[in-house]
Amino acid sequence: MNLPRLSRCVRSFATCALILGSATAVLAQDKVTFATNWRAQATHGGFFQAVADGTYRKYGLEVEIQQGGPQVNNRAMLPAGRIDFLMTGGLLTALENTRNKVPTVIVAAYFQKDPTALIAHKGEYKNFAELKNAKSVFIAKSNQFGFWQWLKAEHGFSDEQFKPYTFNIGPFMVDKKSVQQAFATSEVLYARDQGAEVDVFLLADQGYNTYGNLIETRTELVKNKPDLVQRFVDASTIGWNNFLYGDPKPGLDLIKKFNPDVNDAKLAAEREQMIRLDLVDSGDAKTKGIGAIDMPRVRDFAARMVKAGIYKPGEVDADLAVTDRFVNKGVGVKAAK
């Protein structure tokens, strides 16, 4: 504590109370639970970095990460109050929550580009437009009534092409003329490991303007503890800056502790791919800070999904699904430069 400031406590009880109160706040750690939507991987790196390098603690937070996985339903735990923050994949789920009156809201977007893509064997199709001529397009059932509907409405794909993707790339590897949905940071690398070079067509480059790696929390937490939400968002942003532009080893080492199935080579390749594709620090994030949200873009995405027939007019509300209250403040921009 600063001695000149302390001396003022003798003259002013109010000043003393303020100083002591702020010192106590620095020492206190708010405990929060943050859940991911899949097992730990490099695309979650900024959050693990913020735990490992002490950034969350500097912001007065004791953050417990709860990783997702095939048998874990972290989504249901958020509105139930079992977790405080949830990493979710895209805006469709957030919009769906407004239709079902689930009291949650998106507060930050750590991927300015969604990594969802269609992949094809190298050289089989000249451009994205030609993919609609493929006989087989492997799409997960969970996306059949999501971005597949948008692909049909805006890009001319048809249900005759649809084949269920079971997260096994074997059928795609065998059929050289097939097309498959993929995360540009994972399946692309798996195919390469099995000897297949692929062309990658990010849906983000074709007008599917959702965000990725979104942070969702309960609306009551935003209302009653906005300072806690702000500190979590700011600290996560600094964690991503450190992961991208500093030494990522602390975050990567912690990821390996959570998920022993990954190794240094795999994590390095995922991180490199994420940086190469400009998923995190691009677009608005360059000037407004990592995690930036543009509300006109959110509204435009919602309108596109209505046009694609996923929702009826008036059925979802972009302004209830997302808030930009906690981002766009330039946090970490100078450090990144």
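- A donor-acceptor distance shorter than 3.5 angstrom exists from the side chain of Asn328 to the backbone of Ile293, with no hydrogens or angles considered.
- The salt bridge (charged side-chain N to carboxylate O under 4.0 Å, His left out) contacts involving residues 233-249 comprise Lys249-Asp253, where partners must be two or more places apart or lie in separate chains.
- With sequence neighbours left out, Lys132 forms a side chain to side chain donor-acceptor pair (under 3.5 Å) with no residue at all.
- Remark: Glu315 CD to Asn100 CG distance equals 8.5 Å, nearest 0.5 Å.
- Counting all heavy atoms, side chain and backbone alike, Arg299 lies closest to Asp319 at NH2-OD1, 2.8 Å.
- Atom-to-atom distance recorded for Leu131:CG and Ile119:CD1 is 11.0 Å, nearest 0.5 angstrom.
- Taking all atoms of both residues into account, the shortest heavy-atom contact from Ala42 to Met274 is O-CE, 3.7 Å.
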May I have the step-by-step check of side-chain contact (heavy atoms from CB on, under 4.5 Å) for Tyr211 and Val322, ending in yes or no?
CA-CA 11 Å; Tyr211 290 102; Val322 182; over 6 Å; no
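- Note that CD1 of Ile169 is 4.0 Å distant from CD of Gln194, once rounded to the nearest 0.5 Å.
- Checked by atom type and distance alone, the side chain of Arg218 pairs as donor or acceptor with a backbone atom of Ile83 at under 3.5 Å.
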Set out, in order, the CA-CA distance, both residues' side-chain angles and the distance that settles side-chain contact (heavy atoms from CB on, under 4.5 Å) for Phe85 and Val63, then state yes or no.
CA-CA 10 Å; Phe85 297 95; Val63 176; over 6 Å; no
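- Contact check for Asp30 versus Tyr56: no side-chain heavy atoms found under the 4.5 Å cut-off.
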Step-by-step side-chain contact (heavy atoms from CB on, under 4.5 Å) determination, Asp264 to Leu252:
CA-CA 8 Å; Asp264 289 335; Leu252 295 173; 5.8 Å; no
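- With Ser236 contributing its side chain and Phe47 its backbone, the two residues share no donor-acceptor pair below 3.5 Å.
- Expressed to the nearest 0.5 Å, how far NZ of Lys256 lies from CG of Leu254 amounts to 11.0 Å.
- Taken from CZ in Arg192 to CD in Glu197, the straight-line distance is 5.5 Å, to the nearest 0.5 Å.
- For the pair Leu244/Ile275, a side-chain contact is recorded, criterion being any heavy-atom separation below 4.5 Å from C-beta on.
- Of the N and O atoms on the side chains of Asn168 and Thr166, not one donor lies less than 3.5 Å from an acceptor on the other residue.
- With rounding to the nearest 0.5 angstrom, the OG1 atom of Thr33 is 5.5 Å from the CG atom of Asp84.
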List the steps, then state whether salt bridge (charged side-chain N to carboxylate O under 4.0 Å, His left out) holds for Glu216 with Arg75.
CA-CA 10 Å; Glu216 185 178 342; Arg75 166 147 301 284; 2.8 Å; yes
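- Phe167 and Tyr165 have tilted rings, their planes meeting at an angle from 30° to 60° on a 0 to 90° scale.
- The two residues Val105 and Leu320 come nearest to each other via the heavy atoms CG2-O, 3.7 Å.
- Closest approach of Arg304 to Glu154, counting heavy atoms only: NH1-OE1, 3.5 Å.
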Show every donor-acceptor pair shorter than 3.5 Å between a side-chain atom in residues 179-186 and any protein atom, with sequence neighbours excluded, or say none if there are none.
from	atom 1	to	atom 2	distance (Å)
Gln181	OE1	Ala140	N	2.8
Gln181	OE1	Asn143	ND2	3.1

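- Residues passing the side chain to side chain donor-acceptor pair (under 3.5 Å) test with Tyr110, sequence neighbours excluded: Thr237.
- Within a 6.0 Å radius of CZ in Arg82, other residues, nucleotides and ligands contribute 12 heavy atoms or fewer.
- Taking 4.5 Å as the limit, some side-chain heavy atom of Phe232 sits within range of a side-chain heavy atom of Ile215.
- No side-chain heavy atom of Val280 sits less than 4.5 Å from a side-chain heavy atom of Phe243.
- Glu62 meets the salt bridge (Lys or Arg N to Asp or Glu O under 4.0 Å) test with no other residue; sequence neighbours excluded.
- Applying the salt bridge (Lys or Arg N to Asp or Glu O under 4.0 Å) criterion to Glu272, with sequence neighbours excluded, gives no partner residue.
- Side-chain atoms of Tyr59 do not come within 3.5 Å of backbone N or O of Val233 as any donor-acceptor pair.
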Going through the checks in order, is the side-chain contact (heavy atoms from CB on, under 4.5 Å) test met by Ile106 and Thr88?
CA-CA 9 Å; Ile106 299 297; Thr88 187; 3.8 Å; yes
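- Heavy atoms only, all atoms of each residue included: Ala52 and Gly251 are closest at CB-N, 4.1 Å.
- Without hydrogens or angle criteria, Asp199 side chain to Gly123 main chain gives a donor-acceptor distance under 3.5 Å.
- The shortest non-hydrogen separation linking Ala109 to Leu214 is CB-CD2, 3.5 Å.
- Contacts of Asp227 classified as side chain to side chain donor-acceptor pair (under 3.5 Å), with partners at least two apart in sequence or in another chain: Arg231.
- Salt bridge status for Glu96 with Arg99: present, with a side-chain N to carboxylate O gap under 4.0 Å.
- For Arg297 (side chain) and Thr210 (main-chain N/O), a donor-acceptor pair under 3.5 Å exists by modelled atom type.
- Residues passing the side chain to side chain contact (heavy atoms under 4.5 Å, CB included) test with Gln149, sequence neighbours excluded: Phe145, Lys152, Ile310.
- Taking 4.5 Å as the limit, every side-chain heavy atom of Gln49 sits out of range of all side-chain heavy atoms of Thr55.
- Of the possible polar contacts, none joining the Gln273 side chain to the Glu270 backbone as a donor-acceptor pair under 3.5 Å is found.
- Residues Pro171 and Lys163 form no side-chain contact, since every pair of their non-hydrogen atoms from C-beta on lies 4.5 Å or further apart.
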In a table with atom names and distances, give each donor-acceptor pair under 3.5 Å that connects a side chain of residues 200-208 to protein atoms at least two apart or in another chain.
none

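- Residues satisfying the side chain to side chain donor-acceptor pair (under 3.5 Å) criterion with Asn74, sequence neighbours excluded, are Gln66.
- Qualifying side chain to side chain contact (heavy atoms under 4.5 Å, CB included) partners for Arg39, counting only residues two or more places apart in sequence or in other chains: Gln67, Asn259, Pro260, Asp261.
- Taking the six-membered ring where tryptophan is involved, the planes of Phe157 and Trp148 are perpendicular, since the angle between them exceeds 60° and thus also 30°.
- For the pair Lys288/Lys329, no side-chain contact is recorded, criterion being any heavy-atom separation below 4.5 Å from C-beta on.
- Considering only heavy atoms from C-beta on, His44 comes within 4.5 Å of Asn37 through its side chain.
- Judged as a salt bridge (Lys or Arg N to Asp or Glu O under 4.0 Å), and not counting sequence neighbours, Glu64 has no contacts.
- Classification of the Trp240-Phe111 ring pair by plane angle, with boundaries at 30° and 60°, yields perpendicular.
- No donor-acceptor distance shorter than 3.5 angstrom exists from the side chain of Glu124 to the backbone of Ala120, with no hydrogens or angles considered.
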